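From a predicted model like this one, the values you see are computed outputs, not experimental measurements.
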Amino acid sequence: MYDRVMFRKKKKEKQKKKLVEVTKIIDDERLEENVTAPKHTKAELAFKKMQEKMQTERIKQKASLTHKQRVEEFNRHLDGLTEHFDIPKVSWTK
């Protein structure tokens with residue numbers, strides 16, 4: 001039992017480290033773009049800024065969930081859908 005607890009703790013620590021590494025990489029890329037980027041209009045800069053913000057949020061969201069949690073969330077989504085799009089039963093006998 002002790003091994004399982006340590007394994008879970010190590011796994012969580014690995015996930016946190018991975019999240020920190022991803023955010024560092026994204027920050028480094030932003031700094032490099034700011035140094036070498038040509039001048040853009042205000043609208044283009046605002047658009048790029050929003051795109052980057054949305055992308056980092058998506059990455060953080062994906063890194064925060066385990067595979068099991070994603071599968072459970074997907075199953076809940078499928079349960080909420082109507083059966084309108086299901087393939088109808090086709091039988092020649094009835």
Please report, to 0.1 Å, the donor-acceptor pairs under 3.5 Å made by any side chain of residues 54-62, with sequence neighbours excluded.
residue: T56; atom: OG1; partner: E52; partner atom: O; Å: 3.2
residue: T56; atom: OG1; partner: K53; partner atom: O; Å: 2.7

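Under a 4.5 Å side-chain heavy-atom cut-off, the cluster of Ile, Leu, Val, Met, Phe, Trp and Tyr residues that includes L81 is completed by F74, L78.
For L65, the side-chain contact (heavy atoms from CB on, under 4.5 Å) partners at least two apart in sequence or on another chain are Q69, R70, E73.
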